[in-house]
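Have a look at the structure below, then the notes.
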Amino acid sequence: MTEAKPHTSKHSKTPHSQPNKPPSTYNTMSSLLKADVWVSSRLPIAIQRDGQSSAFSPISCALIHGTYEAVLVDTPISTTQTTDLTKWIEETAPTKTLKYIYITHGHGDHWFGIPLLLKRWPSARAIATPATVAHSQGQLEPEKFIDIWTRFFPGQIYQPQKTAEPWPSDTFTMEGHEFRIIEVGHTDTLDSTALYTPDIHLVVAGDIVYGDVHQFFWGG
């Protein structure tokens with residue numbers, strides 16, 4: 001199996017040029033905003049399907065960053081994938097602080113990396129809609145976490161787990177840039193969301209949009 005290499009794409013916009021200043025004094029709306037995308041390798045599934053081995057689809061995570069801070073959208077599944085993501089963030093935004101980890105929906109493959117990321121960036125806040133948090137908590141019930149996730153990926157999911165915290169608003173900000181939470185209802189699962197960043201016309205769609213794979217429709 002050939003391991004997928006992390007892929008990066010960029011979007012940026014700067015309304016005005018301005019020299020670097022300390023966070024307490026610079027004009028936040030003049031900060032340069034960039035977006036980069038990391039794509040995980042495929043994670044082998046321990047259980048064979050119809051007598052054949054298979055692997056989980058790659059997971060994409062978006063890093064949107066300004067002059068001093070960054071927002072990460074979604075995480076991968078395993079400790080190894082999350083370690084790779086951490087190294088990539090350090091290389092991509094080496095002097096920046098991770099402010100938020102936004103989770104688009106409740107499936108565990110999009111947030112099981114939260115505890116390890118918070119170890120590296122303890123001041124970051126992992127956030128999601130209240131409905132996504134409720135769905136995430138259901139993923140930790142034995143019939144989901146033990147019977148599905150840890151059977152698929154034994155010894156590869158960090159424990160103890162930690163879900164995102166419920167965010168009480170449909171917006172949040174980073175360096176003066178607004179991020180809008182767009183609730184779209186049921187896509188590949190219930191209570192899915194996208195994250196819209198108007199200043200760079202960017203939508204991070206989570207599992208609302210699939211690439212090169214059949215969409216998953218079961219709402220578990």
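No experiment lies behind these values; they were computed from the predicted model shown.
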- Does Thr163 reach the side chain of Thr132, with side-chain heavy atoms less than 4.5 Å apart? no
- Query: Is there a path from Leu116 to Trp88 through hydrophobic residues (I, L, V, M, F, W, Y) whose side chains come within less than 4.5 Å of each other?
  - Reply: no
- Less than 6.0 Å separating the ring centroids of Phe112 and Phe153? no
- Message: Taking the side chain as everything from C-beta on, heavy atoms only, tell me whether His135 gets closer than 4.5 Å to His107.
- Response: yes
- Item | Proximity of His110 and His105 rings by center, below 6.0 Å | yes
- Item | Donor-acceptor side-chain pairing of Thr187 and Ser192 below 3.5 angstrom | yes
- Item | Check: Phe172 ring centroid to Tyr100 ring centroid under 6.0 Å | yes
- Item | Distance-only side-chain donor-acceptor flag, His65 / Lys96, under 3.5 Å | yes
- Item | Same apolar cluster: Leu140 and Phe152, side chain cutoff 4.5 Å | yes
- Query: Can you tell if the side chain of Cys61 reaches within under 4.5 Å of the side chain of Leu85, non-hydrogen atoms only?
  - Reply: yes
- Message: If we check side-chain contact (heavy atoms from CB on, under 4.5 Å) with Thr193, which of these qualifies: Val204, Ile181, Ile208?
- Response: Ile181
- Item | Heavy-atom side-chain proximity of Ile89 to Thr86 below 4.5 angstrom | no
- Would you check if the side chain of Thr75 reaches a backbone N or O of Gly113 as a donor-acceptor pair within less than 3.5 Å? yes
- Message: Could you check whether Glu175 pairs with Lys99 (Lys NZ or Arg NE/NH1/NH2 to Asp/Glu carboxylate O, under 4.0 Å)?
- Response: no
- Verify the cluster assignment for Tyr102 and Val133: are they in a single hydrophobic cluster under the rule of side-chain heavy atoms below 4.5 Å apart? no
- Task: Dump the intermediate steps for side chain to side chain donor-acceptor pair (under 3.5 Å) on His177 and Thr197, then the final yes or no.
- Result: CA-CA 8 Å; His177 298 280; Thr197 310; over 6 Å; no
- Are Ile157 and Thr79 side-chain neighbours, meaning at least one heavy-atom pair lies under 4.5 Å? no
